[in-house]
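This is the structure I have questions about; it appears just below.
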Amino acid sequence: MSLATQPLNEISHPLVSSMHMKKDFSKGHDVEYVLVIDAILPDAKESSEAFDASLTDLLLDLEDLKEMAETRVGKFDRVDIRSHYH
């Protein structure tokens with residue numbers, strides 16, 4: 001699990017509540033650097049069209065979000081997207 005995180009408060013996006021970098025030590029001796037994106041998405045049970053549209057928007061902007069994060073904290077190994085429904 002993660003022992004260290006670094007918030008990325010200066011990056012904003014309408015579908016992102018927060019972003020942070022974490023170090024993941026779960027794979028034994030190798031450390032993975034992970035960009036964690038907490039996304040705010042509509043509940044798919046209530047409106048699958050709204051969920052699909054929001055997720056598509058987020059994924060279309062993902063490369064830009066990754067570049068902004070990399071500029072601020074350096075390279076990372078993977079991206080985890082956690083969704084929070086509104």
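The model shown is predicted, which means the values in this text are computed figures rather than measured ones.
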- Query: Between Ser17 and Ile40, is there a donor-acceptor pair closer than 3.5 Å when you use the side chain of the first and the backbone of the second?
  - Reply: no
- Residue from Thr56, Asp57, Leu55 passing side-chain contact (heavy atoms from CB on, under 4.5 Å) with Leu59: Leu55
- Query: How long is the span from the CZ atom in Phe51 to the NZ atom in Lys45, to the nearest 0.5 Å?
  - Reply: 11.5 Å
- Message: So, taking the atom named CG in Leu60 and the one named CG in Leu65, what distance separates them when rounded to the nearest 0.5 Å?
- Response: 11.0 Å
- Message: Distance check, rounded to the nearest 0.5 Å: Ser83 atom OG versus Leu15 atom CG?
- Response: 11.5 Å
- Can a salt bridge be assigned to the pair Glu32 and Lys23 using a cut-off of 4.0 Å between side-chain N and carboxylate O? no
- Message: Are the side chains of Val36 and Met19 in contact, using a 4.5 Å heavy-atom criterion?
- Response: no
- Message: I want to check something: taking the side chain as every heavy atom from C-beta on, are Arg78 and Leu35 in contact at a cut-off of under 4.5 Å?
- Response: no
- Query: How far apart are the closest heavy atoms of Arg82 and His20, and which atoms are they?
  - Reply: NH2-CE1, 3.6 Å
- Write down the atom of Ser54, the atom of Pro42, and the distance for their closest heavy-atom approach. OG-CD, 3.4 Å
- Do the side chains of Asp80 and Ile37 get nearer than 4.5 Å, heavy atoms only? no
- Task: For Tyr33 and Met21, work out which heavy atoms get closest and say how close.
- Result: CB-CE, 4.2 Å
- Can you hop from Val73 to Val34 via hydrophobic side chains spaced under 4.5 Å? no
- Are any of the side-chain heavy atoms of Leu58 and His13 separated by less than 4.5 Å? yes
- Query: How far does OG of Ser18 sit from CD1 of Ile11, to the nearest 0.5 angstrom?
  - Reply: 11.0 Å
- By side-chain hydrogen bond (donor to acceptor under 3.5 Å, both in side chains), Ser47 pairs with (sequence neighbours left out) none
- Are Glu10 and Arg72 close enough that some pair of their side-chain heavy atoms sits under 4.5 Å apart? yes
